[in-house]
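In the text below, chain A, chain B and the rest are named by the order of the sequence lines, each starting its count at 1. Worth knowing before you read on, the calculation uses all heavy atoms, side chains too, and leaves out hydrogens, waters and symmetry mates.
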Protein chains: 2
Amino acid sequence: MYTTPDLVERGGANAYLRGCASRSALDLLANKWVCLVVGALSPGPMRFGALRRRLDGITQKMLTRTLRDLERAGVVERTVYPTTPPQVEYALTPLGESLCGLMDSILGWAEEHMEEVEAARARYDERVSLPVDPLPRDAPARR
Amino acid sequence: MYTTPDLVERGGANAYLRGCASRSALDLLANKWVCLVVGALSPGPMRFGALRRRLDGITQKMLTRTLRDLERAGVVERTVYPTTPPQVEYALTPLGESLCGLMDSILGWAEEHMEEVEAARARYDERVSLPVDPLPRDAPARR
DNA sequence: CGGCATCCTTATGGATACTG
DNA sequence: CAGTATCCATAAGGATGCCG
C-alpha cells in the first residue's frame, strides 16, 4: 500500500474538492496534447511547423489552441520574428520547465508499464467475452 | 533549459509517434477522473459510495465508467462482497500503486505552481483586452 | 448500495477554405 | 508560415429512472 506522510497530509479532509489546486491543475494538465506539447518543447524552443511535424497527428487547430492555452497559463512563451514568411517560436517558460520532470516521469512510466496494461486489457476482454463461468463458492467473488 | 540524457534518448527521433507507449499512456492517464480516482485510492481500498463522496462532483456514470476502464487496464481491482445491500470495494493493484508517485507529483506541482498559473492567466487576459499598445520597435515582438 | 439504460446537451476535435 | 474562420461529426458527460 502506498502512503507517505505528505500524501496523508494533502490527500486528507478536502483534497479533490471542486475548486482546489489539484482540480485546476488537472483541468490544465490532464490533457493529451498539453502533455505532448510540453514534452516536445522540453529539449528547447521550437517553431510552429516543427512542433506540428513532431507531434504526429495533431491538427493545426488543436496545436494552435493548445499553445494558446499554455501561453495564457504562463507555461510557454510565444515569440514572433517579423520576417517574411513569419516565424513563430515557442519555448517553455521557467514555469513550463518545472513540468518537465513530471512529463518525463509519465514517459518513463509508459515505457515501463504500458505492456502490462495492454496485457491486462487483453485478459479482461477475454474474461468478459466468456460464458458465465461458475466460480468456486467461497470468499469474495472477483470479476 | 531542461535536458537529461534520458530525455534526449527517449524524446529523440520518434517519441510521440501515433502508436507509441507515450501516446497510449496519455490516452489512459491524461484524464481528470482517472487521476483523481487513482489519487483517492492511494491511501487504501474504498467502496463505491465513499469514492463518490470523496470525488466531489463526479456523477455515478462517470465514476462507474472510470472504474471500469481502470479495472480493464489492470490499475484497480474490483471486489464484490455479496451481502445485502451489496458492497463493492475498489483497490489499487500493484500496477496501480506504481502510479501513486506520479499522482503525488502532480498534486505537489499543483500546490506549488497553480497560483502562478492563475496569475499568468490574469495578466494574459489583461493584456489581450487592452487596446493596441504600440510596442517599442526593436527586436522580437512578444505578445 | 451499486449499478445499467436512456435521453439529451455540450464540448471536443477533424476537415476545409481563406489570409497577412 | 502561421495562423483564423466555418462547418460538421462524434464523443464526453449530465439528468433521470429503474433494477437486483
Side-chain angles (χ1 to χ4, degrees), chain A residues 16 18 23-24 26-37 40-41 45-72 76-91 124 128 132 135 140-143, chain B residues 16 18 23-24 26-37 40-41 45-72 76-91 124 128 132 135 140-143:
Chain A
Y16 311 129
R18 265 184 226 252
R23 288 294 184 102
S24 16
L26 287 174
D27 285 338
L28 174 66
L29 300 178
N31 176 306
K32 183 183 167 184
W33 294 129
V34 163
C35 293
L36 288 171
V37 164
L41 288 178
M46 203 174 298
R47 290 181 51 188
F48 186 89
L51 268 175
R52 179 163 28 177
R53 280 185 297 277
R54 182 102 192 265
L55 272 47
D56 181 44
I58 196 172
T59 59
Q60 172 275 329
K61 178 182 176 180
M62 288 314 298
L63 182 53
T64 302
R65 184 188 297 177
T66 304
L67 287 167
R68 281 292 178 289
D69 285 351
L70 290 177
E71 187 194 2
R72 177 166 177 264
V76 309
E77 186 184 39
R78 179 179 185 268
T79 311
V80 181
Y81 298 93
T83 59
T84 47
Q87 294 192 7
V88 181
E89 196 173 73
Y90 292 90
Y124 183 96
V128 297
V132 250
L135 327 137
R142 276 166 190 175
R143 260 208 335 160
Chain B
Y16 309 129
R18 265 184 225 250
R23 289 293 184 101
S24 15
L26 287 175
D27 286 337
L28 174 66
L29 300 178
N31 176 307
K32 182 183 168 183
W33 294 129
V34 163
C35 294
L36 288 171
V37 165
L41 288 179
M46 202 174 299
R47 290 180 52 187
F48 186 89
L51 268 174
R52 184 179 1 193
R53 280 185 297 276
R54 182 103 192 265
L55 272 48
D56 180 43
I58 195 172
T59 59
Q60 172 274 326
K61 178 182 176 178
M62 288 315 297
L63 182 52
T64 302
R65 185 188 298 178
T66 304
L67 286 168
R68 280 293 177 288
D69 284 352
L70 290 177
E71 187 194 1
R72 177 165 178 265
V76 310
E77 186 184 38
R78 180 179 185 268
T79 311
V80 181
Y81 297 93
T83 60
T84 46
Q87 295 192 9
V88 182
E89 197 173 72
Y90 292 89
Y124 183 95
V128 296
V132 250
L135 329 137
R142 276 169 190 171
R143 263 209 335 161

Review point. B/K32 has an atom NZ; how far is it from atom C1' of D/dG14, in whole Å?
Key: 13 Å
**Study point:** Integer-rounded Å distance: D/dA12 P and B/I58 CD1
**Key:** 14 Å
Study note, to complete from the structure: The nucleotide from C/dG3, D/dG13, D/dG3 with an atom nearest the side chain of A/F48 is D/dG3
Exercise for review: Find the distance A/R52:CZ to D/dC1:C1' and express it as a whole number of Å.
Suggested key: 9 Å
Revision key, fill the gap. Protein-proximity profile, nucleotides 15-20 of chain C, B/S/- by nucleotide at the 4.0 Å heavy-atom cutoff, equals B----B
Check your understanding: CZ of A/R65 versus P of D/dT4: gap in Å, rounded?
Key -> 11 Å
Review point. In whole angstroms, how far is the P atom of C/dG13 from the CE atom of A/M62?
Key: 4 Å
Check your understanding: If you look at every heavy atom in A/V34 and A/N31, which pair is closest and at what distance?
Key -> N-OD1, 3.0 Å
Revision key, fill the gap. Nearest heavy-atom contact between A/L26 and B/K32 is CD1-O, 4.0 Å
Study note, to complete from the structure: Side-chain atoms of A/T64 come closest, of D/dG13, D/dG3, C/dG13, to D/dG3
Point to revise | Rounded distance in Å - CH2 (B/W33) to P (D/dG13) | key: 9 Å
Review point. In whole Å, what is the span from the CG atom of A/L63 to the C1' atom of C/dT12?
Key: 16 Å
